[in-house]
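Here is the naming used below: chain letters follow the sequence lines, and residue numbers restart at 1 for every chain.
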There are 2 protein chains.
Amino acid sequence: MGKNEKISPAVIRRLPKYYRYLGELSKVGVNKISSRELSDMTGFSASQIRQDLNNFGGFGQQGFGYDVENLRNEIGKILGLDKKYKIIIVGAGNIGQAIANYTGFYEADYEVVALFDKNPKLIGLSIRNALIMDSDDLEDFLEKEHIDIAVICTPKSVCQQVAEQLVRCGIRAIWNFAPKDLKMPEEVYVENVHLNESLFSLTYYYNKMKKESE
Amino acid sequence: MGKNEKISPAVIRRLPKYYRYLGELSKVGVNKISSRELSDMTGFSASQIRQDLNNFGGFGQQGFGYDVENLRNEIGKILGLDKKYKIIIVGAGNIGQAIANYTGFYEADYEVVALFDKNPKLIGLSIRNALIMDSDDLEDFLEKEHIDIAVICTPKSVCQQVAEQLVRCGIRAIWNFAPKDLKMPEEVYVENVHLNESLFSLTYYYNKMKKESE
DNA sequence: GAAAAATCGAGAATTTTTTAACAATATTTT
DNA sequence: AAAATATTGTTAAAAAATTCTCGATTTTTC
């Protein structure tokens with residue numbers, strides 16, 4: 001059974017990767033896997049994989065390994081992928097549209113219900129069944145519809161203000177693509193995708209490698 | 001002066017954030033900052049900030065703090081943001097186009113030189129001065145032009161093959177948006193932006209908070 | 001069916017990362 | 001100009017994360 005200690009974020013970050021690899025295995029008909037084999041696939045150590053999984057309970061069987069389909073389901077349940085989620089996207093520019101079109105959503109039961117933007121040229125258009133609505137209608141919309149996750153794809157100049165509006169309307173989970181850290185109350189979880197930071201890290205390692213190979 | 005010990009990736013991940021905050025300070029005319037104040041802004045502990053910076057040398061002055069503009073420049077140099085980088089994007093679908101339009105590039109001297117795609121409807125179009133070219137011309141292009149960073153925005157079914165082609169043509173830095181881990185030789189650095197993993201983590205914490213608030 | 005091999009789960013040991021403590025030094029106050 | 005305050009850089013301590021070890025259990029081999 002699940003233990004009630006605090007699980008480290010590093011563990012939680014690895015679970016989606018395990019989930020993905022197990023999905024691939026399942027798809028090609030593999031139904032048994034050892035931590036050693038998962039280690040070879042993922043690059044994490046076998047010990048770490050066992051340790052990670054044991055945070056949530058013993059899913060494996062000594063002498064045998066893990067049942068692929070079962071382990072995948074268990075990790076899915078831990079992450080909450082067995083449930084349905086409704087999403088809105090605020091900011092229907094390039095990133096917002098790309099996210100709306102993102103097929104990764106369909107790996108689990110995420111539904112993009114609507115997008116919001118201020119640009120009159122965009123309002124009224126649809127992306128994969130999701131209508132782009134006027135930002136002014138955001139609050140009304142959130143009063144009527146239950147939304148689980150809001151994605152912020154606005155320019156950074158307005159992201160804080162948009163986030164505060166979302167929180168006022170009851171949103172507790174934000175996926176933030178604006179290159180700024182949102183100041184939010186504790187009861188709101190923000191997952192940042194800061195592309196500039198990612199690119200800058202890449203740049204550091206690119207230069208480091210170039211220097212070393214000289 | 002820079003010490004030659006191995007710097008932990010966690011440190012490198014924090015540098016872009018320092019850089020961003022220092023840029024904001026600089027823009028509003030602040031020219032002195034203490035680790036304590038930076039701590040309040042960034043959420044990292046003052047001690048950690050000092051420790052991080054001292055990996056690369058003492059940029060501050062005891063009793064005084066750090067000169068904002070100077071520290072920003074130093075971090076910029078560490079990350080390599082004082083140089084120019086040429087980028088190509090392989091896969092001109094939603095994400096590829098969004099990245100091509102991404103204004104975060106212009107914070108430093110990154111230039112998107114071209115995009116590549118197989119879709120005839122896209123080939124010939126331009127995004128912000130960058131032409132979408134036929135994927136078949138990728139290798140020829142890379143022979144003629146020096147490219148620093150390649151961005152992979154293809155479907156996952158072809159990302160490994162594309163990556164291998166890029167590496168054959170001399171690419172050593174890959175920004176990977178395909179939801180798959182690339183198997184690459186050691187001399188290639190891959191920075192992954194796995195949106196599905198990010199969303200799954202968010203989902204975990206969303207559910208955790210919901211449970212706790214019940 | 002006994003012996004060998006494989007594998008997990010759990011706790012111990014190790015390594016890495018973060019935080020704390022404080023001497024050294026600069027600035028500000030009186 | 002002396003005392004008080006602020007702040008860095010560095011070393012030490014603490015905490016966290018990872019790896020190692022090994023008993024328990026299952027499967028495979030002979």
Run the salt-bridge test on [X] and [Y] with the 4.0 Å N-O cut-off and return the result as yes or no.
| X | Y | answer |
| --- | --- | --- |
| B:Arg20 | B:Glu107 | no |
| A:Asp52 | A:Arg14 | yes |
| A:Arg172 | A:Asp148 | no |
| A:Glu69 | A:Lys27 | no |

Atom [atom1] of [X] and atom [atom2] of [N]: how far apart are they, to the nearest Å?
| X | N | atom1 | atom2 | result |
| --- | --- | --- | --- | --- |
| B:Asn55 | C:dT16 | CG | P | 14 Å |
| B:Ile7 | C:dT17 | CD1 | C1' | 13 Å |
| A:Asn54 | C:dA10 | CG | C1' | 8 Å |
| B:Gln62 | D:dT11 | CD | C1' | 13 Å |
| B:Gln61 | D:dT10 | CD | P | 14 Å |
| B:Phe64 | C:dT27 | CZ | P | 7 Å |

Practice task
Indicate whether OP1 or OP2 belonging to D:dT26 is found under 4.0 Å from a side-chain N or O atom of A:Tyr66.
Solution key: no
Problem - A:Tyr204: ring-ring contact (aromatic ring centres under 6.0 Å, His included) partners, not counting sequence neighbours - result: none
Completion exercise
Residues in residues 10-37 of chain B with a heavy atom under 4.0 Å of DNA chain D, by number, are B:Ser34, B:Ser35
Handout entry: Sorted by number, the residues of residues 38-53 of chain B with heavy-atom contact under 4.0 Å to DNA chain D
Key = B:Arg50, B:Gln51
Exercise for the section: Start with the C-alpha gap between A:Ser26 and A:Arg72, add the side-chain angles, then the distance that decides, and say whether side chain to side chain donor-acceptor pair (under 3.5 Å) holds. Expected result: CA-CA 9 Å; A:Ser26 181; A:Arg72 179 160 185 272; 5.6 Å; no
Handout entry: Heavy-atom side-chain contact between B:Ser39 and B:Phe44 under 4.5 Å
Key = no
Handout entry: A:Lys32 to A:Phe64 six-membered ring, cation-pi geometry met (6.0 Å, 45°)
Key = yes
